[in-house]
Chemist: 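The structure follows.
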Number of protein chains: 4
Amino acid sequence: MTDSSKRKIRMGMVGGGEGAFIGAVHRMAARLDGDIELVCGAFSGDADKSRQFGESLNLAPSRCYGSYEAMMREEAALPASEKMDFVAVVTPNHLHFPVAKLALEQGFHVMSDKPATFSYQEALQLKKTVDDTQRLYGLTHVYTAYPMIREAQAKVQNGELGAIRKMVVEYSQGWLASKEAEDGKQAKWRLDPSKAGVSCCMGDIGVHAANLVEFVSGLQITAICADLTSVVPGRRLDDDGTVLLQFDNGSKGVLLASQIATGEENNLHLRIYGDKASIEWRQMSPNTLILRDLHGHAQHIRSGVGALHPQTHSAMRLPAGHPEGYLEAFGNLYAAFAHAIHEYNSTDKAARQFVPGINEALRGMAFIEQVVEASNQHVKWCELKQGRTV
Amino acid sequence: MTDSSKRKIRMGMVGGGEGAFIGAVHRMAARLDGDIELVCGAFSGDADKSRQFGESLNLAPSRCYGSYEAMMREEAALPASEKMDFVAVVTPNHLHFPVAKLALEQGFHVMSDKPATFSYQEALQLKKTVDDTQRLYGLTHVYTAYPMIREAQAKVQNGELGAIRKMVVEYSQGWLASKEAEDGKQAKWRLDPSKAGVSCCMGDIGVHAANLVEFVSGLQITAICADLTSVVPGRRLDDDGTVLLQFDNGSKGVLLASQIATGEENNLHLRIYGDKASIEWRQMSPNTLILRDLHGHAQHIRSGVGALHPQTHSAMRLPAGHPEGYLEAFGNLYAAFAHAIHEYNSTDKAARQFVPGINEALRGMAFIEQVVEASNQHVKWCELKQGRTV
Amino acid sequence: MTDSSKRKIRMGMVGGGEGAFIGAVHRMAARLDGDIELVCGAFSGDADKSRQFGESLNLAPSRCYGSYEAMMREEAALPASEKMDFVAVVTPNHLHFPVAKLALEQGFHVMSDKPATFSYQEALQLKKTVDDTQRLYGLTHVYTAYPMIREAQAKVQNGELGAIRKMVVEYSQGWLASKEAEDGKQAKWRLDPSKAGVSCCMGDIGVHAANLVEFVSGLQITAICADLTSVVPGRRLDDDGTVLLQFDNGSKGVLLASQIATGEENNLHLRIYGDKASIEWRQMSPNTLILRDLHGHAQHIRSGVGALHPQTHSAMRLPAGHPEGYLEAFGNLYAAFAHAIHEYNSTDKAARQFVPGINEALRGMAFIEQVVEASNQHVKWCELKQGRTV
Amino acid sequence: MTDSSKRKIRMGMVGGGEGAFIGAVHRMAARLDGDIELVCGAFSGDADKSRQFGESLNLAPSRCYGSYEAMMREEAALPASEKMDFVAVVTPNHLHFPVAKLALEQGFHVMSDKPATFSYQEALQLKKTVDDTQRLYGLTHVYTAYPMIREAQAKVQNGELGAIRKMVVEYSQGWLASKEAEDGKQAKWRLDPSKAGVSCCMGDIGVHAANLVEFVSGLQITAICADLTSVVPGRRLDDDGTVLLQFDNGSKGVLLASQIATGEENNLHLRIYGDKASIEWRQMSPNTLILRDLHGHAQHIRSGVGALHPQTHSAMRLPAGHPEGYLEAFGNLYAAFAHAIHEYNSTDKAARQFVPGINEALRGMAFIEQVVEASNQHVKWCELKQGRTV
């Protein structure tokens with residue numbers, strides 16, 4: 001994780017004001033490696049609040065905007081040496097698309113929180129905008145950026161697991177288990193179909209699980225059997241669900257997601273079983289990857305320990321036994337995105353490879369919408385209709 | 001685990017000769033508490049082998065039989081003070097029913113390995129035989145006999161979890177992951193439809209998982225969505241499967257079972273999420289039960305530590321920190337069965353409560369057969385047609 | 001763990017009546033493999049109580065004795081085909097020696113709980129008696145009999161760790177942390193110098209730790225720096241202590257033992273660091289042995305999984321993932337002792353190798369007494385004066 | 001962890017150039033919360049190297065200095081609105097004192113890596129300089145800044161553990177286990193008495209362990225029994241050691257430290273046993289704190305979960321289940337230090353409370369030097385002669 005020795009990349013932010021969780025995460029992640037500085041933001045639809053919040057971040061008042069439209073317009077008018085390079089989109093879901101679209105059209109690169117858009121239809125339009133503007137688009141599927149996930153992906157690619165036969169990915173949380181929890185700021189918009197989209201649980205965390213299993217395995221989900229539930233009475237969106245999976249190599253899998261799993265924190269857990277070996281990874285103990293072979297040897301591969309693949313090394317900042325966590329993984333995405341911006345005009349597109357982008361955006365929105373549809377079908381299996389490229 | 005102070009209960013065994021795994025387990029479990037002595041056996045269809053094996057167990061040669069028919073006939077003719085009290089049936093599945101039926105008809109109690117029979121139809125006949133003969137019938141669903149599973153059941157019954165909303169039970173093994181594994185004695189009959197029945201994975205381990213989730217929750221599975229697979233080419237029976245579950249209180253669940261999960265040992269893992277709290281238990285670390293509440297407190301309840309429910313205490317033999325395992329759990333079933341035989345003529349049927357019996361036999365066979373049927377359906381959900389009592 | 005196919009070995013027991021913990025453990029361990037049957041006992045100094053207790057174990061009343069002297073005398077007078085083969089000594093410490101001595105002199109083999117005797121002086125006398133009578137003497141240092149400890153020992157012997165440089169062994173319990181705990185039957189005699197000897201904590205558990213570290217490493221403690229404490233006010237014996245160790249290869253180590261470590265169960269934990277690799281084992285998760293090498297690979301070796309050393313295999317009864325625990329380890333000692341009795345008249349002394357014996361008895365008593373003495377010294381290091389053979 | 005809404009604090013750095021480990025850690029930690037910006041540095045004694053490295057960090061070439069003397073002189077001459085506020089000292093040990101002294105004398109605050117100085121004598125002089133200049137002095141005992149360590153401290157202070165009776169703190173690493181490891185940049189100066197001081201293992205990691213146990217317990221070490229060893233042949237400083245401890249409340253403890261514990265990563269492990277309850281914490285799983293009470297209840301307290309003490313909350317940035325690690329803990333020190341600088345002229349000294357400072361510097365240097373002396377004594381116990389304030 002060495003610095004590229006060029007100027008700092010300038011970031012603007014839409015959303016992420018007082019009380020937001022993910023905005024602060026994006027800011028810390030962007031700061032971590034010293035490649036990026038926050039220069040402006042539209043933190044709130046209330047211009048005063050936005051300014052006050054921006055000042056608390058040491059921003060110039062003139063660059064704290066009362067709307068994202070104003071921000072795009074005014075930043076675009078600034079000299080090239082001053083204006084922001086990219087926008088971090090950290091609003092509720094329904095604003096992801098309009099903000100990203102306008103930013104791209106004004107010539108800015110975009111780093112968006114997931115899910116990419118409110119609907120699959122919007123994702124298709126976003127794809128068109130990205131293609132038309134040729135700006136960079138990144139999507140913060142943060143779990144793909146953990147060092148041990150990179151190691152897992154490398155092991156699959158190198159054939160260390162053999163042919164993949166079965167995958168189980170689970171993402172369990174308990175924070176929406178009670179009715180009372182619905183009053184929280186984070187809960188409110190996620191349970192509101194006008195802001196979250198067609199799904200709460202699948203849109204918020206199921207899509208992470210689906211993305212992760214495809215990222216590590218290199219396989220694509222081709223068919224789904226879905227069963228979503230609104231467990232807590234009165235909810236209009238799912239808060240729990242299971243999806244049986246078929247992959248394009250003929251193997252099967254299971255995806256479990258829940259926000260009502262009382263007592264679970266942020267339990268993302270991935271297992272991939274090949275015909276030679278298997279891997280197991282847990283987000284809450286992210287610096288360990290367990291590799292088990294057919295003959296029963298269980299190796300605990302640890303971040304910073306022994307011979308790891310190059311893509312793993314480039315995702316670590318510390319020596320063995322010094323735990324890295326969620327912010328460091330998030331920082332890996334920002335570091336890669338900053339690097340991609342630096343290399344934007346070069347012919348080398350390799351720099352973009354570790355930032356999930358518009359294809360993952362499409363896959364994710366296809367997954368969310370079709371899982372909801374499949375859950376309403378009486379037939380068991382439904383085709384998942386979307387390839388990696390549209 | 002105090003001794004009943006009466007004479008030792010006399011056990012005969014059918015199956016379990018040289019090279020068998022589960023026969024030795026039954027013998028060790030039966031010995032553990034000193035209430036039972038093995039007095040006879042039909043360990044092999046070859047009379048010489050049966051006798052040699054019996055002698056290695058210090059049995060009298062005259063009571064080592066060359067067939068189970070001979071054993072039933074000759075034991076029945078012995079004086080009451082000598083003849084066996086019950087038969088442990090540890091053969092491959094296809095013999096469970098004929099052996100048990102004959103034993104019951106000859107007046108012997110029966111302790112059978114699972115699954116109870118070869119087919120659901122046989123299970124119905126077995127039920128009739130049990131009803132007709134009024135002998136005791138036990139089924140070794142061993143996992144219900146771990147102390148911490150008893151504790152979990154008590155917590156559910158006492159309402160400590162609140163209303164149950166979601167259950168996830170998994171049973172993963174990797175021992176059948178390779179083609180080569182099929183040559184082993186244990187594998188051969190399990191993969192042979194003429195000996196195992198309609199299922200390998202669900203019949204061997206899935207049924208344990210289904211039994212466990214019903215035992216602890218006190219709920220019954222009412223509908224299933226099943227997807228079974230023969231992952232390793234050439235197999236005629238399933239070696240992997242997932243079943244979505246609906247329970248009679250309206251809650252949902254997931255059951256995952258696999259014998260091709262490379263590197264997994266005997267990973268039985270149960271989670272029950274209520275609206276107040278959840279529990280988590282792992283068979284491979286059986287002396288810990290994790291209880292998590294809505295407010296996030298995670299308590300690690302340990303065998304032998306602190307205040308536990310009486311049914312938990314009666315399932316433990318050692319103080320805290322002295323690990324008990326699979327044989328001790330198995331021994332709990334045998335101890336309870338021996339106690340039930342001692343109390344056979346009493347009016348107190350409470351003694352039988354911790355031995356799974358004919359109802360679990362029927363539930364299990366219904367589950368196995370209907371999961372196989374449901375897996376072949378295009379429709380998502382199928383009713384599971386069998387109540388606790390037929 | 002196959003049966004030796006000969007007659008069952010006949011066991012008598014001194015101690016272990018109502019309310020005792022370790023007596024029941026010895027009986028269960030002796031029963032487990034079917035090689036041993038309990039035929040007589042002196043369970044209490046009160047003849048009625050002894051008889052009642054023996055009857056609860058299905059013993060003949062004539063063989064339930066009111067004193068160990070009566071038992072030795074009357075058993076010795078029985079025909080060879082009836083009398084007990086060996087005595088299990090499970091009394092408080094102060095009786096270990098007189099019971100064992102009388103038993104040996106009457107021609108019986110002896111399996112004794114630890115510590116072997118009340119004092120080192122007694123241990124020397126016991127050694128003389130064993131030499132004079134040429135009977136078998138076993139000492140239940142049970143922790144040496146866990147499969148993964150056998151594996152660890154084999155790895156050290158095979159040089160897989162390289163030269164040993166440092167060892168840390170800890171044995172922490174919390175059961176004596178409160179004043180109230182002193183009223184329990186187990187606590188009372190252990191804290192009484194007239195019954196326990198010169199030490200409580202070191203005599204009860206520290207000696208296990210010292211034995212284990214020597215067993216696995218094959219090294220001997222040559223010097224000690226000891227600091228024992230009576231933490232809970234009013235106690236006359238130590239309930240906590242730390243001992244710095246020097247070994248005969250020049251390496252060092254640390255032994256920590258405590259009975260007042262609030263909340264600890266039975267936390268015996270061993271680590272051995274060599275110049276090539278290290279091993280780590282925890283009694284409370286006994287089926288895992290962690291091997292870490294210089295290059296950072298951490299392998300979790302599991303009971304029943306993959307290629308293990310023969311001495312490990314012979315200590316296991318179950319396949320991978322079926323947890324074995326304390327009783328199974330204890331059973332390994334009894335199985336080995338029964339085998340040694342069967343082979344008693346053969347020239348092959350190899351059968352005795354896995355039963356700790358009179359040499360461990362001497363080492364242990366030397367360790368206990370000299371640790372207490374060293375703790376009272378102002379000088380840092382004291383020589384531990386006792387070789388493996390006296 | 002909200003920003004104080006004032007200008008960013010300006011940081012300079014001495015040391016931490018190419019190939020250094022801890023310099024990069026300090027920079028990332030300082031960046032994390034957006035309160036601090038790096039404005040200058042003397043990264044190398046070679047002016048060209050220093051400038052090149054500084055430019056790679058986006059620093060102005062004019063503020064990349066070839067010596068710390070030049071840096072202090074030239075920064076002091078800058079306008080108040082430009083010059084650095086504090087210096088981060090991340091050189092090898094022998095330079096800590098001269099750099100810190102000069103910085104303080106030039107009016108800069110100082111944040112120093114540990115150990116504070118080369119010798120205790122230097123620490124006394126440093127104390128005098130701090131007193132004379134009245135500048136802020138922080139010492140990066142990073143492990144005190146983990147959220148669960150703050151929680152542990154609060155529990156001790158609130159009496160939740162009762163009276164403390166026993167403490168065990170261990171810090172094991174294996175990175176210096178091989179002779180080859182000595183060639184590394186990190187190893188070279190740590191093993192060189194002219195750069196590291198009188199100790200390698202105790203100076204590098206033992207002092208962290210001693211600091212942590214005093215921080216959490218609120219007790220002070222009053223006597224030590226030390227045994228240090230140079231395990232790998234040819235080393236002039238210790239690479240392993242054990243220290244028995246006495247505390248000012250009469251309780252005892254053990255401190256184990258090693259750099260030759262093959263296979264260990266960065267295993268810092270703390271246990272405190274009180275007469276009511278105990279706590280256990282492991283740096284490599286830092287978001288869990290285990291609390292066990294006398295009655296055996298084991299509670300796993302988790303970062304972000306349930307009711308935690310205010311000082312714990314202020315040390316966390318993320319919700320439950322999103323792992324925070326070493327950099328976040330380090331960032332807590334920097335955030336607190338930046339806050340203390342903002343509040344420097346206020347009368348409220350409370351802001352300084354969570355930054356270890358000059359008193360910890362003195363304690364640490366006293367510990368290191370006296371442990372080395374005690375290790376050379378034949379007498380067991382030596383008084384540790386240094387109070388919290390000199």
Side-chain angles (χ1 to χ4, degrees), chain A residues 161-162 165-166 168 170 172 174-175 177-181 225-229 231-232 239-246 250-254 256 258 260-265 271-280 290-299 374-375 377-382, chain B residues 161-162 165-166 168 170 172 174-175 177-181 225-229 231-232 239-246 250-254 256 258 260-265 271-280 290-299 374-375 377-382:
Chain A
L161 274 61
R165 287 171 161 181
K166 174 82 181 282
V168 183
E170 172 182 347
S172 295
W175 70 292
S178 71
K179 196 74 193 161
E180 295 69 40
C225 164
D227 180 48
L228 308 189
T229 311
V231 171
V232 176
D239 52 19
D240 181 272
T242 306
V243 189
L244 306 186
L245 307 169
Q246 294 180 22
S251 69
K252 289 185 175 173
V254 188
L256 302 99
S258 184
I260 56 86
T262 303
E264 295 279 7
E265 300 179 21
R271 286 173 291 170
I272 302 186
Y273 300 101
D275 62 8
K276 287 187 189 164
S278 65
I279 59 103
E280 178 170 12
I290 307 177
L291 177 74
R292 297 182 177 94
D293 72 17
L294 261 186
H295 312 292
H297 300 105
Q299 199 183 333
S375 180
Q377 299 296 318
H378 286 289
V379 70
K380 195 188 287 177
W381 287 104
C382 298
Chain B
L161 274 62
R165 287 171 160 183
K166 175 82 181 282
V168 182
E170 172 181 348
S172 296
W175 70 292
S178 72
K179 197 73 194 162
E180 294 70 40
C225 164
D227 180 47
L228 308 190
T229 311
V231 172
V232 176
D239 50 19
D240 181 272
T242 306
V243 189
L244 307 185
L245 307 170
Q246 292 181 21
S251 69
K252 289 184 175 175
V254 188
L256 303 98
S258 185
I260 57 87
T262 303
E264 295 279 8
E265 299 179 18
R271 285 174 292 171
I272 302 186
Y273 300 101
D275 62 9
K276 288 187 189 165
S278 65
I279 58 105
E280 178 170 13
I290 306 177
L291 177 74
R292 297 182 177 94
D293 72 18
L294 261 187
H295 312 292
H297 300 104
Q299 199 182 337
S375 180
Q377 298 298 317
H378 287 288
V379 70
K380 195 188 288 177
W381 288 104
C382 298

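To find a chain, count down the sequence lines: A is the first, B the second, and so on, and within it residues start at 1. Here the structure is a predicted model, which is why all the values come from computation and not from measurement.
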Chemist: Among A:G162, A:A261, A:G250, A:A298, which residue has the highest count of heavy-atom pairs closer than 4.5 Å to chain B?
Modeler: A:A261
Chemist: For A:R292, which residues count as a side-chain hydrogen bond (donor to acceptor under 3.5 Å, both in side chains) partner, sequence neighbours excluded?
Modeler: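 By the side-chain hydrogen bond (donor to acceptor under 3.5 Å, both in side chains) rule, A:R292 matches A:E280.
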Chemist: Between B:T262 and A:K276, does a side chain to side chain contact (heavy atoms under 4.5 Å, CB included) hold up when you go through it step by step?
Modeler: CA-CA 7 Å; B:T262 303; A:K276 287 187 189 164; over 6 Å; no
Chemist: Heavy-atom cut-off 4.5 Å, strictly under: side chain, backbone, both or neither for A:D240 against chain B?
Modeler: side chain
Chemist: Under the side chain to side chain contact (heavy atoms under 4.5 Å, CB included) rule, what do A:T229 and A:T242 come out as? Steps first, then yes or no, please.
Modeler: CA-CA 9 Å; A:T229 311; A:T242 306; over 6 Å; no
Chemist: Identify which of A:Q377, A:R271, A:E265 forms the greatest number of heavy-atom pairs closer than 4.5 Å to chain B.
Modeler: A:R271
Chemist: Return the minimal non-hydrogen interatomic distance between A:C382 and A:A374, and the atom names on each side.
Modeler: SG-CB, 3.8 Å
Chemist: If you count heavy-atom pairs under 4.5 Å with chain A, which of B:L291, B:I290, B:V254, B:V168 comes out on top?
Modeler: B:V254
Chemist: Against chain B, label A:S258 side chain, backbone, both or neither, depending on which of its atoms sit under 4.5 Å from a heavy atom there.
Modeler: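 Only the side chain of A:S258 comes within 4.5 Å of chain B.
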Chemist: If you compare all heavy atoms of B:K380 against all heavy atoms of A:C225, which two are closest, and at what distance to 0.1 Å?
Modeler: CG-SG, 4.2 Å
Chemist: As an exercise: rank B:G174, B:A181, B:S178, B:A177 by heavy-atom pairs under 4.5 Å with chain A and give me the winner.
Modeler: B:A177
Chemist: By a 4.5 Å heavy-atom criterion (distance strictly below it), what part of A:V379 contacts chain B: side chain, backbone, both, or neither?
Modeler: both
Chemist: Looking at B:G241 and B:L228, what are the two nearest heavy atoms and their distance?
Modeler: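 The pair with the smallest heavy-atom distance is CA-CD2, 3.8 Å.
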Chemist: B:L244 versus chain A, heavy atoms under 4.5 Å apart: side chain, backbone, both or neither?
Modeler: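 Only the side chain of B:L244 comes within 4.5 Å of chain A.
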Chemist: If you count heavy-atom pairs under 4.5 Å with chain B, which of A:L161, A:I260, A:D227 comes out on top?
Modeler: A:D227
Chemist: In chain order, what residues pass the side-chain hydrogen bond (donor to acceptor under 3.5 Å, both in side chains) check against B:S172, with sequence neighbours excluded?
Modeler: B:E170
Chemist: For B:I272, which atoms come within 4.5 Å of any heavy atom of chain A: side chain, backbone, both, or neither?
Modeler: neither
